[in-house]
*Asks:* 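Okay, handing you the structure first.
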There are 2 protein chains.
Amino acid sequence: MATGRTHRPATRSRGIPEATVARLPLYLRALTALSERSVPTVSSEELAAAAGVNSAKLRKDFSYLGSYGTRGVGYDVEYLVYQISRELGLTQDWPVVIVGIGNLGAALANYGGFASRGFRVAALIDADPAMAGKPVAGMPVQHTDELEKIIEENGVSIGVIATPAGAAQQVSERLIAAGVTSILNFAPTVLSVPEGVDVRKVDLSIELQILAFHEQRKAGEEAAAAAAAGGSAAGTGTGAAPAAAVVPPAGRATAVARKGGPDGDVPAVMPA
Amino acid sequence: MATGRTHRPATRSRGIPEATVARLPLYLRALTALSERSVPTVSSEELAAAAGVNSAKLRKDFSYLGSYGTRGVGYDVEYLVYQISRELGLTQDWPVVIVGIGNLGAALANYGGFASRGFRVAALIDADPAMAGKPVAGMPVQHTDELEKIIEENGVSIGVIATPAGAAQQVSERLIAAGVTSILNFAPTVLSVPEGVDVRKVDLSIELQILAFHEQRKAGEEAAAAAAAGGSAAGTGTGAAPAAAVVPPAGRATAVARKGGPDGDVPAVMPA
DNA sequence: GGTTGTGAACATATTCACAGCA
DNA sequence: TGCTGTGAATATGTTCACAACC
């Protein structure tokens with residue numbers, strides 16, 4: 001999960017745990033699907049399966065919102081949809097701006113999941129004058145010069161940054177100065193923001209690196225298992241990364257010396 | 001944090017905590033930047049600031065890898081880069097395939113951060129025959145029919161799914177059947193996969209919903225603060241969501257009844 | 001003096017297991 | 001009987017604070 005929050009450390013207001021908040025959208029999606037199929041009620045077991053969590057966790061999560069279920073029966077789908085939407089603030093209309101209209105920004109602009117959840121794309125903004133006026137997702141791209149005006153006129157409090165890494169900090173400062181207090185950052189940089197501003201980070205490269213870590217483990221475990229099965233059962237208990245010796249068990253990922261050269265880690269997405 | 005792991009519950013092999021693994025890429029990025037500026041050593045305090053975490057956490061994280069620092073001095077940048085890369089498995093070459101070449105898939109294909117970290121895009125795959133052969137990021141898109149062949153020939157173990165939600169489960173099954181054991185899923189669906197397969201999920205809409213939750217809190221807190229300052233200081237301790245009464249303090253996010261209509265939550269990204 | 005590495009204290013999150021209610 | 005709601009137990013994660021060392 002490409003995730004990371006800045007600020008908002010100890011002061012959790014009405015005491016809904018952060019981990020629970022992060023799962024509410026998941027439940028909401030599963031419930032919306034049930035609602036479309038006109039399913040009237042659902043048990044914690046069924047809903048948990050649909051959301052990909054276990055049922056005890058789901059019940060605990062819901063218990064923080066209140067007692068919205070019926071013992072022996074389950075939860076009323078429509079009612080829960082409403083309660084979770086309200087808790088998440090999705091009964092309001094949230095105008096957002098997307099800054100940086102490269103491939104990624106365009107993908108975000110076209111993403112249907114935004115509009116359906118109370119988020120309205122108020123403007124697409126890019127620094128490239130050649131982009132200005134071009135329609136993306138049925139909406140003209142506007143130039144960065146207009147940023148402050150757009151934010152103030154639309155009362156935007158949520159900004160999405162999809163610019164290259166080099167531009168992100170400056171963009172965030174302009175967004176914040178104009179009134180934005182929540183930022184979703186796709187640029188691979190740590191943004192430094194004042195107290196009171198929330199930043200969430202989505203980092204594609206980090207997610208892959210975490211997968212690679214587990215892949216490597218799997219390869220090692222396979223090798224260990226093969227070794228334990230094939231040879232004497234010695235040393236199974238050490239838990240240390242098994243030597244890369246033995247035959248490559250499933251042979252994936254060829255070892256290669258890491259080229260230590262420059263890198264920069266900037267997404268080649270687009271100028272913004 | 002767009003994050004979510006499936007499988008791999010209790011069995012954490014050599015005992016590097018999951019939370020630590022998730023931060024290693026962050027440290028690595030900060031270290032790479034230092035390395036490019038030819039900075040020889042760095043203290044936990046400095047590195048922590050660059051990575052956006054606190055220094056105690058960073059030291060604890062590093063302590064799981066081993067004792068790579070020097071008391072009174074700090075950490076050798078190059079050495080740490082190597083150690084973390086190795087731990088994450090980035091000294092290997094990981095071929096990946098991207099399935100679903102819409103805006104998002106194209107953005108991923110163009111993303112420079114992949115190549116620079118040992119990830120190599122082995123193929124771009126799309127279900128639309130009209131896409132076949134078209135170059136994206138300097139590489140021809142291949143048709144889904146080729147999926148199994150591509151994966152086997154290249155020894156691909158990591159797949160990226162950037163298709164619409166409806167196609168994702170089926171794509172994941174084909175990937176897994178062909179030998180993929182780690183999936184990065186951008187489609188807004190819960191994938192069900194067999195034991196032993198890792199799935200990480202990046203969900204744009206979920207991240208925004210989490211931000212909206214905190215935004216709503218902020219508005220409430222401002223209202224409460226205003227009320228406490230203006231009127232009598234009654235009821236500050238309740239912590240309950242303050243009534244939406246009083247004047248809108250910073251006035252953002254107009255209240256609007258949620259239209260309960262169908263939704264589907266499918267990204268309009270592209271057919272794949 | 002300065003900084004790491006880490007046990008101990010604390011905080012958060014998950015899971016268990018069952019009482020309580022429809 | 002069946003399922004929720006929740007205390008208690010456990011597991012994981014973070015922070016403190018300081019001894020060990022350069």
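Model, not experiment: these values are computed from the prediction. A, B, ... follow the sequence lines: proteins, then strands. Residue 1 opens every chain.
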*Asks:* A/R23 has an atom CZ; how far is it from atom C1' of C/dT12, in whole Å?
*Replies:*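 Rounded to whole Å, this separation is 11 Å.
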*Asks:* Taking atom types as modelled, is there a side-chain donor on B/E78 or B/Y82 under 3.5 Å from an acceptor on the other?
*Replies:*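 B/Y82 and B/E78 do not have a side-chain donor-acceptor pair below 3.5 Å.
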*Asks:* Looking at the side chain of B/T70, which of D/dC3, D/dG5, D/dC22 is the nearest nucleotide?
*Replies:*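 It is D/dC22.
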*Asks:* Select from A/D61 and A/G72 the residue whose nearest nucleotide in DNA chain C is closer to the 5' end of that strand.
*Replies:*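 The 5'-side residue here is A/D61.
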*Asks:* Any side-chain N or O of B/S44 below 4.0 angstrom from OP1/OP2 of C/dT4?
*Replies:*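 Yes.
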*Asks:* Within less than 4.0 Å of OP1 or OP2 of C/dG5, is there a side-chain N or O belonging to B/Y75?
*Replies:*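 The answer is yes; a side-chain N or O of B/Y75 sits under 4.0 Å from OP1 or OP2.
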*Asks:* Under a 4.0 Å N-O cut-off, is there an ion pair linking B/E87 with A/R217?
*Replies:*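 Result for this pair is yes, salt bridge flagged.
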*Asks:* In whole Å, what is the span from the NZ atom of B/K57 to the C1' atom of D/dG13?
*Replies:*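 After rounding, the gap between these two atoms is 8 Å.
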*Asks:* Would you say B/N54 places a side-chain N or O within less than 4.0 Å of OP1 or OP2 belonging to D/dT15?
*Replies:*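 Checking D/dT15 against B/N54, a side-chain N or O does come within under 4.0 Å of OP1 or OP2.
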*Asks:* Heavy-atom nearest nucleotide on DNA chain D for A/K60 versus A/G74: which residue maps closer to 5'?
*Replies:*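 Per heavy-atom nearest nucleotide, the more 5' residue is A/G74.
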*Asks:* I need the CG-C1' distance between B/L47 and C/dT3, as an integer number of Å.
*Replies:*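 About 14 Å, once rounded to whole Å.
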*Asks:* D/dG5 P sits how many Å from A/Y68 OH, rounded?
*Replies:*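 Checked: the OH to P distance equals 11 Å.
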*Asks:* Let me see the working for B/T181 and A/E215 under side-chain hydrogen bond (donor to acceptor under 3.5 Å, both in side chains), right down to the final yes or no.
*Replies:* CA-CA 7 Å; B/T181 46; A/E215 265 309 307; 2.6 Å; yes
*Asks:* To the nearest Å, give me how far apart OH (A/Y64) and P (D/dG5) are.
*Replies:*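 Roughly 14 Å, once rounded to whole Å.
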*Asks:* Look at the side chain of B/R59 and decide which nucleotide, out of C/dT4, D/dT14, C/dC18, has an atom nearest to it.
*Replies:*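 The listed nucleotide nearest to B/R59's side chain is C/dT4.
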*Asks:* Check the distance between D/dG5's C1' and A/E45's CD and give it to me in whole angstrom.
*Replies:*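 My rounded result for the distance is 15 Å.
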*Asks:* Quick one: which of C/dT14, D/dC18, D/dG13 gets closest to the side chain of B/E18?
*Replies:*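 Selected nucleotide (nearest to the side chain): D/dG13.
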*Asks:* Within the 3.5 Å criterion, strictly below it, is a donor on B/Q209 or B/S205 matched to an acceptor on the partner's side chain?
*Replies:*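 Present: a donor and an acceptor within the cut-off.
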*Asks:* So, does the side chain of A/R71 form a donor-acceptor pair with the base of D/dT4 at under 3.5 Å?
*Replies:*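 Yes, the side chain and the base share a sub-3.5 Å donor-acceptor pair.
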*Asks:* Could you tell me if the ring centre of B/F114 sits under 6.0 Å from that of B/Y111?
*Replies:*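 That pair passes the under 6.0 Å test.
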